[in-house]
Amino acid sequence: LGVDLQGVHIQIESKGEAALTNGSISYDFSPLPVTYDEAAQTASAVYAQADIPNGTYYLKIQLYGADGETLLNTITDIVKIRGYKTETTLALDFAKLNVLYSVSYNLNGGAWADGSAESAKDRRRNAYTAISLPEASELMRANYEFAGWLVDNASITEIGAGAATAKDYALTAQWRLVPTLYVSASGNNESNNGTNKADAFATISAAIDKIVALAESSKTAADWTIYIDGEVVGANDISNSLTTEHAKSLTITGAHNTNSITGGYTDVLNGGSVYSAAGEGSATINGSVLSITTAVPVTISNVKITNGIPTGGYGGGIQIGSGSENVTLESGAWITDNHTYYSGGGIMLNGTLTMKAGAVISNNSANDWGGGIWIGSNATFIMEGGEIRDNTAGSGAAVCHSGADFRISGSARIPAGADAAHPQDLYLMSDSSNGTYPITIAGELTANAPVATLTFGGNYSSYVDNTLLKAADG
């Protein structure tokens, strides 16, 4: 922003706090009429209203940009009036007053909120003109929040006035990753960024791809949360493409805090499969509602997972692969009305799963093993709370345990149900090589008794190791 003579304003002011008066005369301290001499490159002003009493005054000269609005510089000098005239003539070097420095902005992947081009707010300033820097509300970047300006790797909040600021400023915007994404039925995987409900993705899989891309560009692994807004239909995959280099943890949770088993769920992951008692050929099979194979810790809370039928026969609601070392069902996680024509109606577990108070696995079915959950041969199931109830299967209506470790404690409960002939049982598998697959009592059981009903298969009494229950200390 340049300046010319037409941008010079001259003003005289009293050094006192109050308005300067002399009897009935009040002195006008508004900018004086300025006479410009372009050829000589001078600007002058005469105070012509009335004689000024003897005294000491401020003479203020202001330089404005060619736009007539932007203040570039203010020079204040002291003049003494004697005999109604100044004692000296002030000679100011216009060229020195008009030394301008650049202020430029590198938005670092962001944009101006008003849609301006990146360089639109670059400007020139005089060292004696302080400026305020653009604030967060003036900038935008998808999946990030503004974190301030940097100059030469140092944080800066304003550019002050004075000799110390007589230099060019190249400012770089700093951004902080916002590790939250939204998925909704009205979402769009092609045009949206997942930043809020209106900008949601259509699938969890698309949100995972976004996390990977953001982590690789920002070199940041964060604790991520994906909010499920409303009912999202279809199978979803949290694959091993999401690594611990991309995320420290991942939480899948409902966007509404009103979800409850008794009051109903607004936020639902619906696989869209349709079960048929006539067999697979008559069913609509879309796959497990949620397949998890990532090694990143995954927590599921405050969401209903329903209507899943696996294409491979295992894990209608959730299929947890052997690479998943830390999956947790928190309060409000409800795995219900999922089915399989083989095993693991609610959950097929081949990794590690922890179940907390307030989580429920109910009303799932399996034609063979584990209506609620099937614990695979190398899996670990840690049940610290929650309920597994009202499921059906050929064996192990609630749980079929053939895993490496099953630990139970706290408020965990697997109620037998009202049908004594077909109880909600925890079925312990056994074989001649491994003997039985026991349950470890990992701590005090606080739920109403009976906590679980055990059944077991094979000629367990003939095996060398036929332990059914053991304490955590062995």
Side-chain angles (χ1 to χ4, degrees), residues 1-9 31 34 36 38 41 43 61-75 94-182 188 190-200 210 213-220:
L1 182 64
V3 66
D4 55 30
L5 283 178
Q6 305 301 317
V8 177
H9 295 192
V34 179
Y36 303 103
E38 297 287 349
Q41 283 288 286
I61 300 175
Q62 295 175 306
L63 278 75
Y64 284 82
D67 62 359
E69 297 180 355
T70 303
L71 179 63
L72 298 176
N73 196 1
T74 297
I75 299 296
F94 180 76
K96 290 182 180 180
L97 291 175
N98 192 30
V99 176
L100 299 180
Y101 301 95
S102 67
V103 178
S104 60
Y105 298 100
N106 174 4
L107 301 187
N108 193 21
W112 297 113
D114 62 7
S116 300
E118 181 166 4
S119 61
K121 301 185 189 300
D122 291 356
R123 58 177 294 179
R124 305 275 288 174
R125 62 174 283 276
N126 191 282
Y128 294 92
T129 302
I131 64 170
S132 298
L133 302 180
E135 298 179 347
S137 60
E138 301 175 66
L139 297 115
M140 58 185 291
R141 184 181 178 187
N143 305 111
Y144 290 84
E145 61 184 5
F146 180 63
W149 294 103
L150 283 186
V151 171
D152 297 329
N153 294 319
S155 178
I156 184 172
T157 57
E158 66 176 357
I159 298 176
T165 67
K167 59 182 179 180
D168 296 332
Y169 281 84
L171 298 110
T172 300
Q174 298 302 294
W175 300 96
R176 184 182 301 111
L177 186 65
V178 179
T180 57
L181 294 172
Y182 285 80
N188 188 305
E190 302 300 323
S191 60
N192 289 353
N193 287 300
T195 56
N196 52 53
K197 292 181 180 180
D199 189 41
K210 185 69 172 182
L214 288 170
E216 291 181 350
S217 64
S218 67
K219 309 302 180 186
T220 301

First locate atom [atom1] of [X], then atom [atom2] of [Y], and finally report the distance between them rounded to the nearest 0.5 Å.
| X | Y | atom1 | atom2 | answer |
| --- | --- | --- | --- | --- |
| Ile156 | Thr172 | CD1 | OG1 | 11.0 Å |
| Lys197 | Asn192 | NZ | CG | 15.0 Å |
| Ser102 | Tyr169 | OG | OH | 11.0 Å |
| Asn108 | Arg141 | CG | CZ | 6.0 Å |

Kindly write out the residues that satisfy side-chain contact (heavy atoms from CB on, under 4.5 Å) with Pro134, not counting sequence neighbours, or none if the list is empty.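 side-chain contact (heavy atoms from CB on, under 4.5 Å) check on Pro134 returns Tyr105, Trp112, Glu138, Leu139, Trp149.
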
Partner set under side-chain contact (heavy atoms from CB on, under 4.5 Å) for Asn143, not counting sequence neighbours: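 Per chain and number, Asn143 pairs via side-chain contact (heavy atoms from CB on, under 4.5 Å) with Leu181, Asn193, Thr195, Lys210, Leu214.
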
Could you walk me through whether Ser155 and Leu150 pass the side-chain contact (heavy atoms from CB on, under 4.5 Å) test, one step at a time? CA-CA 5 Å; Ser155 178; Leu150 283 186; 4.2 Å; yes

Sequence neighbours excluded, which residues qualify as salt bridge (charged side-chain N to carboxylate O under 4.0 Å, His left out) partners of Lys167?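 By the salt bridge (charged side-chain N to carboxylate O under 4.0 Å, His left out) rule, Lys167 matches no residue at all.
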
So does Asp152 have more than 12 non-hydrogen atoms from other groups sitting under 6.0 Å from CG?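 Not buried by this count: 12 neighbours or fewer within 6.0 Å.
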
Minimum-distance pair of heavy atoms, taken over all atoms of [X] and [Y]:
| X | Y | result |
| --- | --- | --- |
| Tyr144 | Ser218 | OH-CB, 3.4 Å |
| Ser137 | Ala113 | O-CB, 3.7 Å |
| Ala173 | Leu107 | CB-O, 3.8 Å |

For the backbone of [Y] and the side chain of [X], can you confirm whether one donor and one acceptor N or O come within less than 3.5 Å of each other?
| X | Y | answer |
| --- | --- | --- |
| Thr165 | Gly160 | yes |
| Asp199 | Gly194 | yes |
| Lys121 | Glu118 | no |

